[in-house]
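Some notes on the structure that comes next.
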Amino acid sequence: MKSRRRPYAEQRPQDLGGGVWSVPVPIPGNPLGYTLVYAVESPRGPVLVDAGWNHPDAWEALSGGLAALGLDVSAVSGVVVTHFHPDHAGLAGQVREASGAWIAMHENDAALVKLMTEYAASEHDEFQTDMLRRAGADPGEVRQVLGARPAPPALPDRRLRDGDLVDLPGRKLRAVHTPGHTPGHICLHLEDADRLFTGDHVLPDITPHVGIYPYDRVDVDPLGEFLESLERVEELGPLDALPAHEWIFPDVAARAAQIRHHHEEKLVRLRALLVQRPQPLTIWEVAAMMTWNRPWDELSPVLRGMAAGEAAAHLRALEARGLVHRLAGVDPVRFQAIDS
Ligand SMILES: [Zn+2]
């Protein structure tokens, strides 16, 4: 499978048939390389699924890529974003300015974008500092991640809910709410063509980041939701997957099942680790014990922060299943396996 990984320079806009096109849009300075933006034909003008990172090179690639396929960015009638992250929603605002298109996203992510728009940078730094301290990170670590916040994406004109049809005359493109990677992540089911635009929810080789922020939240269970969202996709059957990164692949259900098992195994391993250590552990200590794609000490502060978010999501999922508990009233927060 890895052999199918190709750098951005080797990606080309493609006519996928059935009135669907893909345009690779670069993510400058990011190892992911590119976002696959899709265009779906409609009598009012194409509708885009995601838009790409907000950067002049990305805009060039999007407008130029559409033109190479015989499409004009000024004719785009709508942009539906799978989730609010900058490599998906970043350029949506510029597309709207160029074409008058509407922007649609799930109501949960729309609420987050609204919050990001209202938050001052200083409040964001305070939030980060507090969150890291409560997780047991040392103060030096905290200082290094401050100020690194991308600008929020454009506010959407339309809010989608699970099961809603996207405004696409003559076709059936349905929003499937798949929370986990973000609270409002959606996949888009092109029901008249057995295709599923999967955003970041189901990718052919990598798995999306699923974290919890702030780390010590108890009112949500993003990993539990993510696993349920994978089951939802499995129930849709062996549709062709059109993901936002990497490459197009068949049988989305099989890949969704594989990702679900990967996380279930990770949960089993994490619980075993906690059983071996009777001492209550901070989120930071747990994250440092877990296996990442590089040794913990070699991860950058930002990546360590994300790893801690993933560790926290796994701890929260184990807690929701009654396998782990958090100690009451301690700061930083600490977790312990429940004896069974
Ligand atoms: Zn994302």
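Just so you know, ligand 1 is whichever comes first in the structure, and atom 1 is the first atom listed for that ligand. Quick note: residue numbers are just sequence positions, from 1. The figures here come from the full heavy-atom set of this structure, side chains too, leaving out hydrogens, waters and symmetry mates.
- V218 forms part of no hydrophobic cluster, judged by ILVMFWY side-chain heavy-atom separations under 4.5 Å.
- Under the salt bridge (charged side-chain N to carboxylate O under 4.0 Å, His left out) criterion, E298 pairs with no residue at all, not counting sequence neighbours.
- Salt-bridge formation is not detected for the pair E285/R277: no Lys NZ or Arg NE/NH1/NH2 atom is positioned less than 4.0 Å from an Asp or Glu carboxylate oxygen.
- Closer than 2.8 Å to the Zn ion (ligand 1) sit the protein N, O or S atoms H83 NE2, H85 ND1, H181 NE2, D200 OD2.
- Annotation: salt bridge (charged side-chain N to carboxylate O under 4.0 Å, His left out) contacts involving residues 165-191, sequence neighbours excluded, comprise R44-D167, R158-D167, R171-D192, R174-E191.
- Centroid-to-centroid, the aromatic rings of H263 and F226 come within less than 6.0 Å.
- If you chain together hydrophobic residues whose side chains sit under 4.5 Å apart, V37 and L32 never meet in one group.
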